[in-house]
Each structure stands twice: as C-alpha cells, then as structure tokens.
Chemist: 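Structure below; questions to follow.
All residue numbers refer to positions in the sequence shown, counting from 1.
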Amino acid sequence: MLTWIALLIFIVTYALIISEKVNRAVIALLGAVIMVFAGILDVHQVFQQYIEWETITLLIGMMILVGITNQTGVFQFVAIRAAKAVKGDPLRILLVLSVLTAVGSALLDNVTTVLLVVPVTIAITRILGINPIPFLMSEIIASNIGGTATLIGDPPNIMIGSANPHLTFNAFLLNLAPITITIFGVALFMLYRKYRKELRPNPALQTKLLELNERDYIKDTRLMKKSLLILSLTIIGFMLHAIIHVDAAVIAITGAILLMLFGLKEHDVKKAFDSIEWVTIFFFAGLFSLVGGLQEVGLIKALAMNALAVTEGDITTASLLILWGSGIASATIDNIPFVATMIPLIKDMAEGLGLAVDSEPINILWWSLALGACLGGNGTIIGASANVIVAGLASKEGKGFSFMEFLKVGAPITLVSLAIAHVYIYIRYLL
C-alpha cells in the first residue's frame, strides 16, 4: 500500500512542478512533507540518508564565491572581451560559450562550470540586447554532455568510478570521450537549427559593443584580485580532488569562507549570503526527499531488478537496456539514487554470470550506465543538477524558462544522444 501512496505523491508532485502554477521549491517540499506524514519517510532518515548534503554544500559554497566575484564586475569584463573577440556575432558567442561549458564540465564538474559561465552569459546577452534563453539552453546541454566524458565530470561517473577502482580517469576518457565529442557536435547542430533565427547579428548593436571599454566595468579591483585568487585556488582544489582526497563540497565552502573572511567587510557579508539561490537549494532538498521516498518503498530497486531480469544474463540486451533505462530514469528522477541502486545490481549480475566485476563484458555495462545516466540528464529541466541551477539563475534575472520550453529542446537531443550512444556501444563493444 505504501508503495502506491509513494508513487501517487511523486506523480502528483511532478505534475504540479510541470504545471509551474506554484513555485517548484514549495511543491517539492510539500511532497516531501506529505511522504513523512504518510509514514513513508522518517524525518531523521531524510536528513541523514536521502538529502545529498555534499551537493547542497557545494552549491552554497560556489554560489557565495560566484556572487562575491560578480560584484567586482569581472564577469562583465570577460563578457565584453569575449564578445569583442568574435565581433559580437551571437552564433559564434553561443558556440564559444557552449564549448567552454563542455570542456569545463569535463575537467571540473557541470555544477561548478554553469555557476561560472551563466553570469558571463547573462552579461553578454544584456549588452547585446538579445534573448539569453538559447545560450542558457545550450549551456545546460553542453554541461551534461561534457560531464559525461570524464570520471569527475558528473556525479554518476564519480559514483561508478568509486565503486570500480579499475575504471580510472584514463579509462573513462578513452571509452567515453570519443562518443561524447560526437554527440556534442550533433547537439550543437540541433541547437543551431532550433535557434538560428534568434542568433542573427545586429550591426547597430555590434558597433555599440565594439565601442565599449571593458575596463570601465571593473568596480572593485582589490576585491577582484582576491576573488580571482581564491576562485582559482578552489578550482585547482577540484582538479586535485583525486590526489588530496578532500571532497569538492569542503573545497567550495572553504573557498567561500576565506573570501568572506579576507575580502569583505562585516556589513558586506550579509550581501554575500543573499547571493545564495535559496529557491534552488530548497528545491533540491525536496527533490532528494521525494526520490528518497521511492527508494524507501523499493520502487527504484524494483525497476532496476526487473530491467536486469528481462535480459536473462545476455550482455548485449543488458547493456542496451541499461543505457536506455538509465537515460529515461535520469530524465524523470534524480540520477544519483538510480545509479546508487544500479551499481550493486550490476555487481550481483556479474557474480551470477560467474564473471569478475572488472571483466570486459561487465565493463560494457558500466559504460552503458554512465552514458545513460549522464546523457539522460538533458531530458527535462529537473533531470540534472546543472539544469535546475541554470533555470534558477535565469529566473532571478527575469529570464526564466518553463518545464515545457526546456522539454521541447532537451528531449529530442536526449533521444538522439542515446541513439548515437546505442550505436557506439553496439559497434565498439558488442560486435
């Protein structure tokens, strides 16, 4: 009975989020509270087990860092310099920002990357007087595809790598980067076809842009230097994560604390805390709790077990089913708990087949899971953390976009991405 109640609460909450008639954070939290009152979740369990505090702490730390840095005017400086470099051509700007986002997501992680790129994007589009939505949509797509390429780019890959020490950074790079580059190229073409009419150059605005002096936008040189130093050290910390063994969340919040301590006066600290997107933070808390309810009643595990049972031990069927199943699941629920459920199930399947967990046939299943979980994040606005963050930042600037607006762009790209990944897995591993 609790299983059906949990499913009903999730579906109704999801439908209300899609309708966008009520604030999505309020709806997500309401759904989580109802699950607690229904006896599906225990409140202590929610705080201790299901809310991903590491993700939330990472977000808060980076939001403070980026918020303080944004006060200095450096993002506007970079925006004008970048726009001038491509003569103010919107299409070339979109291409540069998308590539930057994809590469950044592969080398850092997609959450950190979009928090750095979005302020620059909004500054550029404001200066050029053009619609920021095509650029923000492209950056969401690029962040999820770029994050697929490496071990550290997306949380599902980190989880898969942590559970399988033999899947090194180079292993992810060699197996996932080639197809990721191909998918990214196809996605860019689809985005161009979608937005080309909105990306036509405006000669008057281009002339106005070239007349601007980017140095005039720097408001506080001293704070800018401190911000860039600490932001750079934070990013280096992310890149050295595997060596120093310090969680990204700890690195981010440490950077935020140091910048507030050494860069701000006491009366400016409150303004720094105001830069936190609390709507986004509470939405994540509610969403993690909702999906935790589905985990608690065994729905996600049942879904994964049934999917593997259908394959009857056939690696070809299993790998392709995992690819599509994780892709669809990641578009509709958070991919972190789904991947957490799939990891032990794939290990159990390896044991049942008498295969080592690091054998080549089982490795195919790991690559299928990584591709499906990461690429599926582009399916809906709540499919990945980066999507929610960009939507929140855009809404704060009065340039928000709806669930359905994103779905029309993200869903076709997701389906094409999964189809390309399907062909890649079959040709490279299964023939």
Chemist: Over 60° means perpendicular and under 30° means parallel, so classify the ring planes of Phe282 and Trp278, tilted if in between.
Modeler: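 If you compare the ring of Trp278 with that of Phe282, the planes turn out tilted.
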Chemist: Is it true that a side-chain atom of Thr113 and a backbone atom of Ser105 form a donor plus acceptor pair closer than 3.5 Å?
Modeler: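 Such a contact is found between Thr113 side chain and Ser105 backbone.
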Chemist: Going by heavy atoms in the side chains, are Tyr426 and Val423 under 4.5 Å from each other?
Modeler: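 Contact flag for Tyr426/Val423 side chains = no.
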Chemist: Would Ile140 and Phe401 satisfy side-chain contact (heavy atoms from CB on, under 4.5 Å), going step by step from the backbone distance to the final call?
Modeler: CA-CA 12 Å; Ile140 290 174; Phe401 44 87; 3.8 Å; yes
Chemist: Got a donor-acceptor contact below 3.5 angstrom from the Asn131 side chain to the Ile133 backbone?
Modeler: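 Yes; judged by distance alone, with no hydrogens or angles, the pair exists.
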Chemist: When you look at Asn164 and Asp358, which way does the side chain to side chain donor-acceptor pair (under 3.5 Å) test go after all the steps?
Modeler: CA-CA 8 Å; Asn164 297 278; Asp358 59 351; over 6 Å; no
Chemist: Give a yes or no answer on whether the side chain of Asp220 reaches the backbone of Gln71 with a donor-acceptor pair at less than 3.5 Å.
Modeler: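 A pair under 3.5 Å: no.
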Chemist: Is it the case that more than 12 heavy atoms not belonging to Tyr192 sit under 6.0 Å from its OH atom?
Modeler: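 Open: at most 12 neighbouring heavy atoms sit under 6.0 Å from OH of Tyr192.
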Chemist: May I ask you to test the Tyr195-Pro90 pair for a side-chain heavy-atom distance under 4.5 Å?
Modeler: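 Answer no - side chains too far apart.
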Chemist: Under the 3.5 angstrom rule, does the side chain of Ser19 hit a backbone N or O of Leu16 as a donor-acceptor pair?
Modeler: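 Yes, the answer is positive, given that a donor and an acceptor are paired below the 3.5 Å cut-off.
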Chemist: Show the nearest heavy-atom pair for residues Trp53 and Phe47, with the distance to one decimal.
Modeler: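 For Trp53 versus Phe47, the nearest heavy atoms are NE1-O, 2.6 Å.
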Chemist: Tell me the closest heavy-atom pair linking Gly61 and Ala256, and the distance in Å.
Modeler: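 Minimum heavy-atom separation between Gly61 and Ala256: O-CB, 3.5 Å.
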Chemist: If you measure only the distance, is there a donor-acceptor pair under 3.5 Å linking the side chains of Asn175 and Tyr429?
Modeler: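 Yes, because at least one side-chain N or O of Asn175 sits under 3.5 Å from a partner of the opposite role on Tyr429.
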Chemist: Quick one: are Leu199 and Arg92 in side-chain contact, heavy atoms under 4.5 Å?
Modeler: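 Contact flag for Leu199/Arg92 side chains = no.
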Chemist: Identify the two heavy atoms, one from Ser289 and one from Ala32, that lie closest to each other, and give their separation to 0.1 Å.
Modeler: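 The answer is CB-CB, 3.5 Å.
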Chemist: Do Gln295 and Gln49 get their side chains close enough for a donor-acceptor pair, meaning under 3.5 Å?
Modeler: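 No donor-acceptor contact under 3.5 Å links the two side chains.
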Chemist: Taking it one step at a time, do Tyr14 and Thr380 satisfy side-chain contact (heavy atoms from CB on, under 4.5 Å)?
Modeler: CA-CA 11 Å; Tyr14 200 91; Thr380 68; 3.9 Å; yes
Chemist: Check this for me: Arg428, atom CZ, are more than 12 non-hydrogen atoms of other residues, nucleotides or ligands nearer than 6.0 Å?
Modeler: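 Count over threshold, so yes.
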Chemist: What are the two closest non-hydrogen atoms of Ala373 and Ser326, and how far apart are they?
Modeler: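 In terms of heavy atoms, the two residues are closest at N-OG, 3.5 Å.
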Chemist: Contact between Leu167 and Leu151 at the side-chain level, heavy atoms closer than 4.5 Å - yes or no?
Modeler: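 In short, these two side chains do not touch, never coming nearer than 4.5 Å.
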Chemist: Would you give the length of the straight line joining atom CH2 of Trp366 to atom CD1 of Ile160, rounded to the nearest 0.5 angstrom?
Modeler: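 One finds 7.0 Å between CH2 of Trp366 and CD1 of Ile160.
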Chemist: When rounded to the nearest 0.5 angstrom, what distance separates CD1 in Ile315 from CD1 in Ile322?
Modeler: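 Going from CD1 on Ile315 over to CD1 on Ile322, the span is 8.0 Å.
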Chemist: Can you tell which of Thr148, Thr414, Asn144 makes a side chain to side chain donor-acceptor pair (under 3.5 Å) with Asn378?
Modeler: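 Considering Thr148, Thr414, Asn144, a side chain to side chain donor-acceptor pair (under 3.5 Å) with Asn378 is found only for Asn144.
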Chemist: Any side-chain heavy-atom pair from Thr280 and Phe283 closer than 4.5 angstrom?
Modeler: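 Not in contact.
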Chemist: So does Val357 get a backbone contact from the side chain of Lys347, meaning a donor-acceptor N/O pair under 3.5 Å?
Modeler: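 Side chain of Lys347 to backbone of Val357: no pair is present.
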Chemist: Answer yes or no: does atom NZ of Lys84 have more than 12 heavy-atom neighbours from other residues, nucleotides or ligands under 6.0 Å?
Modeler: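 Atom NZ in Lys84 is crowded, with more than 12 foreign heavy atoms closer than 6.0 Å.
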Chemist: Would you compute the distance between atom CZ of Arg24 and atom OG1 of Thr13 and round it to the nearest 0.5 angstrom?
Modeler: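 Going from CZ on Arg24 over to OG1 on Thr13, the span is 15.0 Å.
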Chemist: Examine distances only and state if a side-chain atom of Ser395 and a backbone atom of Ala391 form a donor-acceptor pair shorter than 3.5 Å.
Modeler: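 The answer is no, because no donor-acceptor pair under 3.5 Å joins these two groups.
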Chemist: Rounded to the nearest 0.5 Å, what separates atom CG in Leu393 from atom CG in Leu136?
Modeler: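 Atom-to-atom, Leu393:CG and Leu136:CG are 8.5 Å apart.
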Chemist: What distance do Thr72 atom OG1 and Lys225 atom NZ have between them, rounded to the nearest 0.5 Å?
Modeler: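 These two atoms lie 12.0 Å from each other.
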Chemist: Please report the shortest heavy-atom distance between Asp274 and Lys396, naming the atom on each side.
Modeler: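 Residues Asp274 and Lys396, closest heavy atoms: O-NZ, 4.1 Å.
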Chemist: Decide yes or no on side-chain contact (heavy atoms from CB on, under 4.5 Å) for Lys399 and Ile122, but give the supporting numbers first.
Modeler: CA-CA 9 Å; Lys399 303 293 183 182; Ile122 290 172; over 6 Å; no
Chemist: Is a donor on one side and an acceptor on the other found under 3.5 Å between the side chain of Asp154 and the backbone of Pro156?
Modeler: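 Here the side-chain-to-backbone pair does not exist.
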Chemist: Specify the closest pair of heavy atoms between Ser98 and Ala142, including all atoms of both residues, with the distance to one decimal.
Modeler: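 What the structure gives for the nearest pair is O-CB, 3.4 Å.
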Chemist: When rounded to the nearest 0.5 angstrom, what distance separates CD1 in Ile93 from CD1 in Ile130?
Modeler: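 With rounding to 0.5 Å, CD1 (Ile93) is 5.5 Å from CD1 (Ile130).
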Chemist: Any heavy-atom pair between the side chains of Ser138 and Leu97 that's under 4.5 Å?
Modeler: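 With C-beta onward as the side chain, the pair stays apart.
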Chemist: Could you walk me through whether Glu52 and Ile56 pass side-chain contact (heavy atoms from CB on, under 4.5 Å), step by step?
Modeler: CA-CA 7 Å; Glu52 296 281 341; Ile56 287 175; 5.9 Å; no
Chemist: Any non-hydrogen side-chain atom of Val390 less than 4.5 Å from a side-chain atom of Glu139?
Modeler: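 They are not in side-chain contact.
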Chemist: Should we count CD of Glu266 as having more than 12 external heavy atoms under 6.0 Å?
Modeler: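 At most 12 heavy atoms, drawn from other residues, nucleotides or ligands, come within 6.0 Å of this atom.
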Chemist: Quick one: are Ser275 and Asn70 in side-chain contact, heavy atoms under 4.5 Å?
Modeler: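 Of all side-chain heavy-atom pairs linking Asn70 with Ser275, none is under 4.5 Å.
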